[in-house]
Amino acid sequence: MTLSQKLWVPFEPDGEPPIIRAVDEILDSAVASRASDVHIEPFAHGGRVRERVDGVLRESRRLAQDAFERISSRLKLLAGMDIADRRVPQEGRYYTRAGGRWVEARVSSMPTVAGERLAIRLLEPESAIGRLEELGMPALFARRYRALVHAPAGFVVVCGPTGSGKTTTLYASLAERNVVGQHICSVEDPVEVRLPGVAQVQVNVRAGVTFAVALRAFLRQDPNVIMIGEMRDTETATVAASAALCGQLVLTTLHGNDSLHALERLAELGVAERTIAAAVSGVVSQRLLRQLCTYCKSPETPSAAIGCERCGGTGYWGRSAVFETIEMTERLREAIERKAPLAVRRAIALEQGYEPMRGAVARLVESGETSVEEAERVLGAALS
């Protein structure tokens with residue numbers, strides 16, 4: 001019996017209590033809607049349930065006060081949390097059957113002035129990992145990025161906001177490598193998908209297993225490729241850069257607006273500019289844009305409400321990834337090492353073929369795959 005099987009919640013028989021059915025229905029609905037997260041929130045005289053679908057929250061149902069409290073307690077109980085303590089944030093998880101397949105529900109609670117709020121991240125640990133082209137990478141971009149992840153050593157950074165698909169890109173990158181002939185390892189928080197042949201470690205701060213601690217331990221085990229789920233602190237960033245200089249390929253994510261800002265972010269974390277210039281081999285920035293629903297999209301702005309039954313009245317179905325990349329050149333390395341201003345680095349990158357993400361987003365709008373409104377929502381600025 002595997003670990004995940006031991007953690008699975010038994011399927012409830014017919015005649016189950018109403019609250020058990022209610023929780024099952026909430027998760028079934030979320031999986032059927034392709035939701036990545038479910039929010040159980042205190043609301044006026046009760047609560048509400050919202051699902052994050054294609055990156056946007058939408059309300060799915062309202063709950064009476066008694067139902068809200070009992071559903072919250074049921075979820076905390078399943079996740080191994082203290083149902084009597086509503087004063088401090090808690091975290092837990094459990095496996096269950098929802099929408100016809102097994103999913104892992106990672107539950108977190110937060111006490112607010114209105115009451116306790118729950119957020120549930122839905123993960124499919126056995127999900128198949130797609131190839132880079134299946135993520136939406138253009139063929140030329142995929143070839144260039146593939147060269148970075150097949151290099152014997154280097155430091156590859158994938159940046160973007162939360163929920164932009166960074167971890168999915170790293171998983172696809174690991175899948176590119178020969179797991180039989182190489183030692184590939186990862187340090188993650190959380191481990192979202194289990195990769196056969198990859199030594200994956202879950203961060204556990206309470207037990208003393210931090211990103212930096214796990215990374216240092218892996219470096220003593222002769223790794224070829226190391227994935228670091230997120231670069232959060234100076235120690236982790238410094239050790240990761242040193243590993244790249246010592247002959248390992250290091251893949252990691254950072255929060256950043258674009259590829260050039262990611263390099264500045266490394267410096268803010270305490271990595272010396274000289275080390276950044278020598279270690280970093282490439283930086284990728286990415287975003288996810290909602291695609292227009294193929295069943296109801298129109299070339300003209302509709303005068304009435306958009307959407308259809310298939311897309312839940314939103315006008316969108318699924319998401320497309322857009323990318324930009326910075327490949328390190330001698331001129332750019334020299335500019336980083338001498339701490340040249342961002343404007344100078346950007347000018348050098350543009351001269352050497354760097355295309356800001358705005359260009360890729362504009363092409364999606366022109367081809368009718370997404371809308372101007374969605375492009376401006378994701379970019380945070382006017383497209384024109």
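Predicted, not measured: the structure shown is a model, and the values here were computed from it. Side-chain atoms are counted along with the backbone in the values below, which use heavy atoms only and exclude waters and symmetry mates.
Under the 3.5 Å distance criterion, with hydrogens and angles disregarded, a donor-acceptor pair is assigned to the side chains of Ser33 and Glu51. Side chains of Gln291 and Ser320: a donor-acceptor N/O pair is present below 3.5 angstrom, by distance only. One side chain, Ser173 or Tyr145, offers a donor N or O that lies under 3.5 Å from an acceptor on the other.
In the hydrophobic clustering of this structure, Val156 does not group with Leu260; members are Ile, Leu, Val, Met, Phe, Trp, Tyr whose side-chain heavy atoms approach within less than 4.5 Å, directly or through other members. Linking ILVMFWY side-chain heavy atoms closer than 4.5 Å, directly or via other members, places Val372 and Leu379 in a single hydrophobic cluster. Side-chain heavy atoms closer than 4.5 Å link hydrophobic residues (I, L, V, M, F, W, Y) into clusters, and following such links, possibly through other members, connects Leu122 to Ile71. Tracing side-chain contacts under 4.5 Å through hydrophobic residues (I, L, V, M, F, W, Y), one never reaches Leu135 starting from Trp317; they form parts of separate clusters. Phe141 and Tyr354 are members of different hydrophobic clusters when ILVMFWY side chains are connected at heavy-atom separations under 4.5 Å.
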>> Apply salt bridge (Lys or Arg N to Asp or Glu O under 4.0 Å) to residues Glu334 and Arg338 and explain how you reach the verdict.
In response: CA-CA 6 Å; Glu334 188 274 332; Arg338 63 182 170 85; 2.9 Å; yes

>> Could you walk me through whether Leu148 and Arg144 satisfy the side chain to side chain contact (heavy atoms under 4.5 Å, CB included) test, starting with their C-alpha distance in whole Å, then the side-chain angles of each, then the deciding distance to 0.1 Å, before giving a yes or no?
In response: CA-CA 7 Å; Leu148 294 175; Arg144 291 174 176 172; over 6 Å; no

>> Set out, in order, the CA-CA distance, both residues' side-chain angles and the distance that settles side-chain hydrogen bond (donor to acceptor under 3.5 Å, both in side chains) for Tyr171 and Ser186, then state yes or no.
In response: CA-CA 10 Å; Tyr171 280 150; Ser186 73; over 6 Å; no

>> Evaluate Glu366 against Arg363 for salt bridge (Lys or Arg N to Asp or Glu O under 4.0 Å), listing each step before the verdict.
In response: CA-CA 5 Å; Glu366 291 169 2; Arg363 286 193 291 274; over 6 Å; no

>> One pair to check against salt bridge (Lys or Arg N to Asp or Glu O under 4.0 Å): Glu104 and Arg194. What are the steps and the verdict?
In response: CA-CA 12 Å; Glu104 179 183 5; Arg194 297 184 181 182; 5.7 Å; no

>> Could you go through Leu219 and Gln248, starting from their C-alpha distance and side-chain angles, then the distance that decides it, and tell me whether this counts as side chain to side chain contact (heavy atoms under 4.5 Å, CB included)?
In response: CA-CA 9 Å; Leu219 288 175; Gln248 279 83 33; 4.0 Å; yes

> Passes side chain to side chain contact (heavy atoms under 4.5 Å, CB included), Leu170 versus Thr253? Steps please.
Replying inline: CA-CA 8 Å; Leu170 290 192; Thr253 71; 3.4 Å; yes

>> Evaluate Leu342 against His261 for side chain to side chain contact (heavy atoms under 4.5 Å, CB included), listing each step before the verdict.
In response: CA-CA 8 Å; Leu342 181 63; His261 279 97; 3.4 Å; yes

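Contact of the Leu249 side chain with the Asn224 side chain is not registered, since no non-hydrogen atoms from C-beta on lie closer than 4.5 Å. When side chains are defined from C-beta on, Glu264 does not count as touching Glu273, because their heavy atoms never get closer than 4.5 Å. Looking only at side-chain heavy atoms (C-beta outward), Glu230 and Lys166 stay at 4.5 Å or farther from each other. In this structure, the side chains of Val103 and Tyr95 stay at 4.5 Å or more apart for every pair of heavy atoms. Under the 4.5 Å side-chain criterion, counting only non-hydrogen atoms from C-beta, Val365 is in contact with Thr370. Side-chain contact between Gln202 and Asp189: present, with at least one pair of heavy atoms (C-beta onward) separated by less than 4.5 Å. Two residues are said to be in side-chain contact when any heavy atoms from C-beta on lie closer than 4.5 Å; Phe155 and Thr252 meet this criterion. At a threshold of 4.5 Å between non-hydrogen side-chain atoms, the residues Arg310 and Thr294 count as touching.
Under the 3.5 Å distance criterion, the side-chain polar atoms of Glu116 are left unmatched by any main-chain donor or acceptor of Arg86. A donor-acceptor contact shorter than 3.5 Å is absent between the side chain of Glu188 and the backbone of Gly229. With hydrogens and angles ignored, the 3.5 Å screen pairs a side-chain donor or acceptor of Thr234 with a backbone N or O of Leu269. Looking only at distances, no side-chain donor or acceptor of Gln352 sits under 3.5 Å from a matching main-chain atom of Ile326. Although no hydrogens or angles enter the test, the distance criterion places no donor-acceptor pair under 3.5 Å between the side chain of Ser29 and the main chain of Glu25. A donor-acceptor distance shorter than 3.5 angstrom exists from the side chain of Arg177 to the backbone of Val149, with no hydrogens or angles considered. Of the possible polar contacts, one joining the Arg333 side chain to the Val280 backbone as a donor-acceptor pair under 3.5 Å is found. At least one donor-acceptor pair closer than 3.5 Å links the side chain of Gln65 to the backbone N or O of Gly46. Under the 3.5 Å distance criterion, the side-chain polar atoms of Lys76 are matched with a main-chain donor or acceptor of Asp85. Side chain of Gln286 to backbone of Gly160: no donor-acceptor contact under 3.5 angstrom is found.
Ile83 CD1 to Leu78 CG: the interatomic distance, rounded to the nearest 0.5 Å, is 10.5 Å. Atoms CD and CG, from Glu41 and Leu57 in turn, are 7.0 Å apart once rounded to the nearest 0.5 Å. Taking CD from Glu337 and CD1 from Ile276, the interatomic distance works out to 11.0 Å, rounded to the nearest 0.5 Å. The structure places CZ of Arg50 at 8.0 Å from CD of Glu59, a figure rounded to the nearest 0.5 Å. Atom CG of Leu174 is separated from atom CD1 of Ile226 by 11.0 Å, given to the nearest 0.5 angstrom. Note: Asp258 CG to Leu263 CG = 9.0 Å, rounded to the nearest 0.5 Å.
Nearest approach of Val283 to Cys159, heavy atoms of both residues: CG1-SG, 4.4 Å. For the pair Met328 and Leu332, the tightest heavy-atom approach, listed with the atom from each and the gap, is SD-CD2, 4.0 Å. The two residues Glu324 and Glu355 come nearest to each other via the heavy atoms CB-O, 3.6 Å. Closest of all the heavy-atom pairs between Ile228 and Ala240 is CD1-CB, 3.5 Å. Shortest non-hydrogen contact noted between Leu288 and Val378 is O-CG2, 3.6 Å. The two atoms that bring Val31 and Arg101 nearest to each other are CG1-NH2, 3.4 Å, heavy atoms only.
Surrounding CZ of Arg117 are more than 12 heavy atoms belonging to other residues, nucleotides or ligands, all under 6.0 Å away. Under a cut-off of 6.0 angstrom, the local environment of CD in Glu268 is crowded, with over 12 non-hydrogen atoms contributed by other residues, nucleotides or ligands. The number of heavy atoms from other shown groups lying within 6.0 Å of CZ (Arg274) does not exceed 12.
Ion pairing between a basic and an acidic side chain is recognised when a charged N comes within 4.0 Å of a carboxylate O; Glu133 and Arg146 show such pairing.
Between Phe218 and His183, the two ring planes are perpendicular [angle over 60°; tilted spans 30° to 60°].
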